[in-house]
Amino acid sequence: MKNQKIIFILLALTVGFIFSLHNLIPWWTARQQGIIYTPFNNGDENIYASQVVAVVQGQLFDGRNLSSLPFIGPFLLASFTWLFGSVETTFILADFFLPAIIFLLLFQLSWQFKVSRELALVGSLASLFGYQLLTKINPVAWFQPMFFNFNRLIPPQLTFIFLLLFLISLYRRSILAGFWAGLLAYVYFYHWSAALLILAIFCLLTKSKKLLAGLLLGLIISLPYFYQSFSAPIEQQIRFGRLEGRFLEPLTTIRYVFLIILIYFSSLSALVKKFWWSVFFAAIGLMNVQLVTGFTIAPGHWPSSTFEPLVPLLLVIVFGRLIEKYWRIFTGLILAYALINQSLISWQWQSMYRITPREQELITFINQQAGNPIVLTLDKRLNFYLPVLSKAKLYLPYGSYSSFSREELWQRFNCAMALSHLSQAEIEATLTDTQIIGHLFDLTYNQGLTVFSFGKRQLPEELKAWSREQLAQEPVCPFPADYIILKDGSLYAAHN
């Protein structure tokens, strides 16, 4: 028994090491070349890290951010940022410890299904490292290195821990399942909505009074979030990817129906079957919720963040007799794949984990100023890095998490182009810059938006014409800025 505990601790540490490679490799290369390393890659993690910094600075609920933002993740990470003194250190350590915790919780969930330790081990590793392979329809993609989703913080690296705590409590038919389901409202929308529906279905299938009480508890806990979220303006939902219409989503529906049938014909116990049926019936329901509501919001997040990571675990349990016999081989193959993939993708992407000397100079200058200066820039990298690595407030905020109306965002956008003294050619280039448009308006102007595709981001011609007209008239700019940074890195005081 003691040796087994040591083995699992070593495996958890191995998991943490593999997920940390995407920090270790670019850090080592940057150190050898004298380059400034950052754990943020100018993507989603920057946005989530900026929320953590906003908590540390007491700015998260300053009126600029949505009041319905899930706050538990930012507040938890902010507490560690206070402890370590750096948001970078928090995110680096999270890449080691959080995947290791996910591995241990996946093992605990598997263990509850009365499978062997060996099978639980394989299933846990398969879910952590292999679920993205199962979503690749083109086999050629299996041989291309990919970014592990569990390397992204806050969702799913932190949020999935809360989801697993819910699932573990759910199988035990504990009232705590309702507590975790309700709490998920303030962690991640897609986990929360999934948890409530899974809980309701499992309660129905097991006729458990404790789960019924848990369901009521979960609804009560999440009621404030439910009210805030669903009273949000339509334009805010559009930024997040609202899709209109009543339609059946075929791909995931067929996929999850197949899994439900597989569960039915498996040798799993009745309770385990009901558990997994609850999970995938909920998946079908959420992927087709638009049949009832007439709309859905970025539904691809449900499978990618919540349901697909559980598929390898299910398959390992269903085909347990075959896999258990060769568990050492499966374990070795999964770890070898994970190590090779992570090394390759970390090496390929290492140039993304750097900031330039001029960017560092600007960050240092802003941090030397009093208060939280408002900085106007049309440089996308700076708009991603300034709120993470400096005290700056953005003149052009990230639209999806901003409380500003679309009209105000447009006014700020026009003012930013005017105050940056862009030439006509630069104005045209800015109006067609998909990164700037995405930063401000997210999915609002994505043409051809579908369940699994964000389509093509492009401003309608009439909006471009309107913006040109506003700029020709020198728009009134009622929103103050302290500093203006041009795309060439020049910095000016806004009043000059």
Side-chain angles (χ1 to χ4, degrees), residues 10-49 86-103 124-158 160 304-305 308-309 312 330-360 363 379-382 384-385 388-389 435:
L10 290 175
L11 279 171
L13 294 175
T14 301
V15 166
F17 171 75
I18 291 173
F19 277 98
S20 293
L21 283 175
H22 96 123
N23 291 316
L24 292 172
I25 290 176
W27 169 80
W28 177 258
T29 304
R31 186 178 178 215
Q32 298 302 307
Q33 299 177 2
I35 298 169
I36 304 170
Y37 163 76
T38 175
F40 306 111
N41 63 6
N42 193 28
D44 288 350
E45 277 202 338
N46 291 60
I47 297 169
Y48 297 120
S86 164
V87 69
E88 293 117 310
T89 302
T90 298
F91 273 64
I92 290 170
L93 291 176
D95 275 329
F96 180 86
F97 287 104
L98 296 188
I101 293 172
I102 291 173
F103 165 73
S124 303
L125 292 175
S127 283
L128 265 174
F129 296 118
Y131 86 89
Q132 289 165 263
L133 289 174
L134 297 180
T135 64
K136 302 294 182 182
I137 298 176
N138 182 4
V140 175
W142 296 344
F143 302 98
Q144 298 172 349
M146 67 182 72
F147 179 82
F148 286 138
N149 282 348
F150 282 117
N151 254 131
R152 192 179 73 231
L153 190 65
I154 293 174
Q157 195 180 80
L158 176 62
F160 203 73
S304 64
S305 68
E308 288 301 317
F330 281 105
T331 300
L333 288 175
I334 293 171
L335 290 175
Y337 160 75
L339 184 61
I340 293 170
N341 177 84
Q342 190 76 326
S343 299
L344 289 174
I345 199 69
S346 300
W347 184 263
Q348 289 180 11
W349 285 21
Q350 60 182 315
S351 62
M352 299 172 65
Y353 296 90
R354 299 170 182 175
I355 55 176
T356 67
R358 179 53 181 163
E359 289 168 343
Q360 183 61 59
I363 290 167
D379 186 296
K380 179 177 181 287
R381 279 181 57 86
L382 285 175
F384 266 94
Y385 281 111
V388 179
L389 302 177
Q435 293 183 325

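This one's a predicted model, so the numbers in the text were calculated from it and none came from an experiment.
Closest approach of Asn149 and Pro156 over heavy atoms only: O-CD, 3.2 Å. The minimum heavy-atom distance linking Ser346 with Pro26 is given by the pair O-CD, 4.4 Å.
Partners of Gln348 according to the side chain to side chain donor-acceptor pair (under 3.5 Å) rule, which considers only residues two or more places apart in sequence or in another chain, do not exist here. Checked against side chain to side chain donor-acceptor pair (under 3.5 Å), Glu45 has no partners two or more places apart in sequence or in another chain. Tyr385 is linked by a ring-ring contact (aromatic ring centres under 6.0 Å, His included) to nothing, counting only residues two or more places apart in sequence or in another chain. With sequence neighbours excluded, no residue forms a side chain to side chain donor-acceptor pair (under 3.5 Å) with Thr14. Applying the side chain to side chain donor-acceptor pair (under 3.5 Å) criterion to Ser124, with sequence neighbours excluded, gives no partner residue.
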side-chain contact (heavy atoms from CB on, under 4.5 Å) evaluation trace for Ile18 with Val15: CA-CA 5 Å; Ile18 291 173; Val15 166; 5.9 Å; no
From CA spacing to verdict: side-chain contact (heavy atoms from CB on, under 4.5 Å), Leu389, Ile355: CA-CA 11 Å; Leu389 302 177; Ile355 55 176; 4.2 Å; yes
Test log, rule side-chain contact (heavy atoms from CB on, under 4.5 Å), inputs Leu21 and Leu339: CA-CA 9 Å; Leu21 283 175; Leu339 184 61; 3.6 Å; yes
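Leu335 has its side chain within reach of Leu11: a pair of non-hydrogen atoms, C-beta onward, lies under 4.5 Å apart. A heavy-atom distance below 4.5 Å is found between the side chains of Glu88 and Phe40. A heavy-atom distance below 4.5 Å is found between the side chains of Asn46 and Asn41.
Around CZ of Phe17, the count of heavy atoms belonging to other residues, nucleotides or ligands within 6.0 Å does not exceed 12.
Phe103 CZ to Ser127 OG: the interatomic distance, rounded to the nearest 0.5 Å, is 11.0 Å. Between the CD atom of Glu359 and the CG atom of Asp379 there is a distance of 6.5 Å, given to the nearest 0.5 Å. Note that the CD1 atom of Ile25 and the CG atom of Leu344 stand 8.5 Å from one another [nearest 0.5 Å].
Arg381 contributes no side-chain N or O that, together with a main-chain N or O of Phe384, makes up a donor-acceptor pair within less than 3.5 Å.
Within the structure, the side-chain hydrogen bond (donor to acceptor under 3.5 Å, both in side chains) test picks out the following pairs touching residues 21-33 (sequence neighbours left out): His22-Asp95, His22-Asn151, His22-Tyr353, Asn23-Tyr37, Asn23-Asp95, Thr29-Gln350.
When Phe19, Phe150, Tyr337 are each tested for a ring pair (Phe, Tyr, Trp, His ring centres under 6.0 Å) with Phe129, only one passes: Phe19.
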